[in-house]
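All residue numbers refer to positions in the sequence shown, counting from 1.
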Amino acid sequence: MRPVPDVPVRDVPVWDVPVWDLPVRVFHWGTAALIPVLWASERWNWLDVHVWAGIALLALVLFRLMWGVVGSDTARFARFLRGPRPALAHLRGMFRHEPDHAIGHNPAGGWMVALLLLLVTAECLIGVFVNNDVADAGPLTELAPTWLLNLATDLHWWLFQALLGAIALHLAAVLAYRVAKGQNLVGPMVTGRKPLPADIAAPRMVGLGWAAALAVVAGGMALGVFWFG
């Protein structure tokens with residue numbers, strides 16, 4: 001019997017996979033741009049800028065919440081929100097240098113996204129009641145009792161501090177992935193694509209027509225909150 005010659009081990013071929021659709025990327029970078037605007041406009045009492053930036057952020061959040069239900073695979077909450085065990089297991093290998101084969105959010109990153117969304121949503125909704133007698137007057141300020149306005153104003157400030165802390169943690173994790181794991185999380189969020197092994201199926205993407213329709217609905221809802229007041 002003729003011996004079988006050794007077959008050289010080859011790297012698994014990779015291909016450029018679309019992992020983040022345009023709506024998710026617009027939400028991500030739009031939110032990243034609006035947070036500093038909201039901070040600066042509150043600090044220097046630019047009321048009009050603060051209000052319109054808040055409306056834009058509320059529209060983005062409402063859109064993302066809807067897109068998380070009916071959007072592309074990597075955008076759906078049901079796809080990336082997993083139990084605590086997978087998240088903890090992932091965190092145990094946080095500093096292990098390894099290739100990035102995650103199609104969307106990893107188990108730990110998914111919960112960070114949920115936390116950021118929760119904080120931004122709460123901040124936007126509480127903002128419609130804020131009134132500090134100087135520059136902040138939410139669209140529903142006149143409809144609420146004084147005790148609720150005072151509570152909303154305090155919560156608005158504390159939630160923003162919590163949001164800044166969560167953003168700092170998020171940025172630290174992105175840096176740690178780059179340095180410790182050798183994984184670039186920023187690039188795919190810019191281009192929407194990531195090199196993955198050829199045997200990994202690409203996620204299903206939903207057409208931009210649906211995204212445009214939901215964007216109109218979300219924008220109308222956010223403006224409705226403003227005009228209602």
> Can you tell me if Glu42 uses its side chain to pair, donor with acceptor, with the backbone of His50 under 3.5 Å?
Replying inline: no

> Is there a donor-acceptor contact under 3.5 Å from the side chain of Trp111 to the main chain of Pro84?
Replying inline: no

>> Under the side-chain contact (heavy atoms from CB on, under 4.5 Å) test against Leu58, which residue among Val120, Thr121, Leu125, Leu34 passes?
In response: Leu125

>> Parallel, tilted or perpendicular, judged at 30° and 60°: which one describes the rings of His90 and Tyr177?
In response: parallel

>> Quick check on the 6.0 Å ring-centre criterion: do His105 and Trp20 meet it?
In response: yes

> Is atom CH2 of Trp29 surrounded by more than 12 heavy atoms (other residues, nucleotides or ligands) closer than 6.0 Å?
Replying inline: yes

> More than 12 non-hydrogen atoms from neighbouring residues, nucleotides or ligands closer than 6.0 Å to CZ on Arg25, yes or no?
Replying inline: yes

>> Could you check whether any side-chain heavy atom of Val17 comes within less than 4.5 Å of a side-chain heavy atom of Pro203, counting everything from C-beta outward?
In response: yes

>> Between Asp73 and Val206, is there a side-chain heavy-atom distance shorter than 4.5 Å?
In response: no

>> Membership question, hydrophobic clusters at under 4.5 Å side-chain separation (ILVMFWY): are Trp46 and Leu57 in the same one?
In response: yes

> Under 4.5 Å between any side-chain heavy atoms of Arg193 and Val19, yes or no?
Replying inline: no

> Between Val179 and Phe95, is any pair of side-chain heavy atoms under 4.5 Å apart?
Replying inline: no

> Hey, what do you get for CG (Leu164) to CG (Leu169), rounding to the nearest 0.5 Å?
Replying inline: 12.5 Å

>> What verdict does the side chain to side chain contact (heavy atoms under 4.5 Å, CB included) test give for Val61 and Thr31, after you've listed the backbone C-alpha separation in whole Å, the side-chain angles of each residue and the deciding distance to 0.1 Å?
In response: CA-CA 8 Å; Val61 168; Thr31 301; 5.7 Å; no

>> Do Leu159 and Leu163 have side chains that approach each other closer than 4.5 Å (heavy atoms only, starting at C-beta)?
In response: no

> Is there a donor-acceptor pair under 3.5 Å between the side chain of Ser41 and the backbone N or O of Val49?
Replying inline: no

> Which distance, rounded to the nearest 0.5 Å, do you find between the NE2 of His28 and the CE of Met189?
Replying inline: 5.0 Å

>> Run the salt bridge (Lys or Arg N to Asp or Glu O under 4.0 Å) test on Asp16 and Lys194 for me, step by step, so that the C-alpha distance in whole Å, both residues' side-chain angles and the decisive distance to 0.1 Å come before the verdict.
In response: CA-CA 5 Å; Asp16 211 25; Lys194 177 193 293 187; over 6 Å; no

> Between Phe80 and Phe77, what is the ring plane arrangement, given parallel below 30°, perpendicular above 60°, and tilted in between?
Replying inline: perpendicular

>> If hydrophobic clusters are built from ILVMFWY residues whose side chains come within less than 4.5 Å, do Val69 and Leu22 share one?
In response: no

